[in-house]
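Proteins come first, then strands; the chains are lettered A, B, ... in the order of their sequence lines, and each starts at number 1.
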Amino acid sequence: DAGVTQSPTHLIKTRGQHVTLRCSPISGHKSVSWYQQVLGQGPQFIFQYYEKEERGRGNFPDRFSARQFPNYSSELNVNALLLGDSALYLCASSLGRGGLGDTQYFGPGTRLTVL
Amino acid sequence: GDSVTQMEGPVTLSEEAFLTINCTYTATGYPSLFWYVQYPGEGLQLLLKATKADDKGSNKGFEATYRKETTSFHLEKGSVQVSDSAVYFCALAGASKIIFGSGTRLSIRP
């Protein structure tokens, strides 16, 4: 079975631009979570979606938004990019019934560089 | 607010040594606790988890016990192998947030 897939793999943007990252969960998983991982640090939780509804939100500004589609795939949008948004963005999927306590299955990530 | 404090690395051990990586947490309510691992060149994956006090999670020879009285979830392994070299993350999941520690890089010498 395919794992969590993310696109694109790498992305280079300039300050002030907008970016959209995409994630497809494992088949049968109804929850998707997004994380930001800066080099040398642990992942920082951004959002969790379950059945198209936002279930959890981390301490990120309103420039960050996400949505989940009927097929359970998800997009993370970041507006007005800052240099500090440069990071690896991870998507994870889970069955969703147990909330954030479910085992998270992580994708390979999208490396975003903001110049 | 909720937080996770993890033993800083890097940690270097010889093969067959005993491993402990410390993890303590602060949380309201009754979170679930996790250890995730990232092997070189691979994505983050679950190593073990515990969902309530006194639960012991175990996998691949690793163990961790959810200690509510000391708010800890230390990772242990009796005899490490070179293949255990990786970055280990302790994590806490509450009702609406999940928090990861900063990670501990473990290197095992043959």
Side-chain angles (χ1 to χ4, degrees), chain A residues 1-7 9-10 21 23-26 29 31-50 53-60 64 66 87-111, chain B residues 1-10 21 23-25 27-53 55 57-59 64 66 73 75 86-106:
Chain A
D1 283 346
V4 176
T5 58
Q6 293 186 242
S7 63
T9 305
H10 297 90
L21 310 181
C23 172
S24 292
I26 291 171
H29 285 191
S31 178
V32 169
S33 299
W34 287 96
Y35 301 83
Q36 181 195 68
Q37 187 174 21
V38 174
L39 196 63
Q41 296 182 18
Q44 299 292 310
F45 173 67
I46 308 175
F47 290 110
Q48 189 200 33
Y49 276 76
Y50 175 66
E53 297 291 325
E54 183 183 299
R55 176 179 276 183
R57 172 185 283 254
N59 297 326
F60 280 80
F64 289 77
L88 181 68
Y89 287 85
L90 297 169
C91 172
S93 76
S94 64
L95 289 169
R97 288 188 294 268
L100 286 164
D102 277 351
T103 297
Q104 307 277 310
Y105 294 84
F106 284 83
T110 294
R111 173 73 61 186
Chain B
D2 295 358
S3 66
V4 172
T5 302
Q6 188 175 341
M7 176 177 172
E8 289 192 14
I21 300 178
C23 173
T24 57
Y25 68 92
T28 54
Y30 303 95
S32 295
L33 300 175
F34 305 81
W35 278 99
Y36 281 85
V37 60
Q38 190 164 33
Y39 297 104
E42 298 185 19
L44 206 57
Q45 58 186 276
L46 179 71
L47 180 60
L48 53 84
K49 73 177 192 180
T51 57
K52 62 183 187 297
D55 267 2
S58 61
N59 187 24
Y66 190 144
F73 193 56
L75 182 68
V87 182
Y88 293 81
F89 294 92
C90 183
L92 169 163
S96 60
K97 283 188 182 180
I98 181 167
I99 299 170
F100 281 79
S102 55
T104 301
R105 182 174 297 278
L106 174 67

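Of the two parts of A/P43, the backbone and the side chain both hold a non-hydrogen atom closer than 4.5 Å to a non-hydrogen atom of chain B. Heavy-atom distances place the side chain of B/Q38, and not its backbone, under 4.5 Å from chain A. Only the backbone of A/Q41 has a heavy atom closer than 4.5 Å to any heavy atom of chain B.
Applying the 6.0 Å contact sphere to OH of B/Y30 captures no more than 12 heavy atoms from other residues, nucleotides or ligands. For A/Y105, the OH atom is loosely surrounded, since the number of other residues' heavy atoms within 6.0 Å does not exceed 12. The number of heavy atoms from other shown groups lying within 6.0 Å of CD (B/E8) does not exceed 12.
Two residues are said to be in side-chain contact when any heavy atoms from C-beta on lie closer than 4.5 Å; B/L44 and A/Q104 fail this criterion.
Between A/G101 and B/S32, the shortest heavy-atom contact is CA-OG, 4.1 Å. Taking both residues in full, the closest heavy atoms of A/Q37 and B/F89 are given as NE2-CZ, 3.5 Å, listed atom of the first, atom of the second, then distance. The nearest pair of heavy atoms linking A/Y35 to B/I98 is OH-CG2, 3.3 Å.
When each of B/R105, B/K49, B/Q45 is checked for heavy-atom pairs under 4.5 Å with chain A, B/K49 comes out on top.
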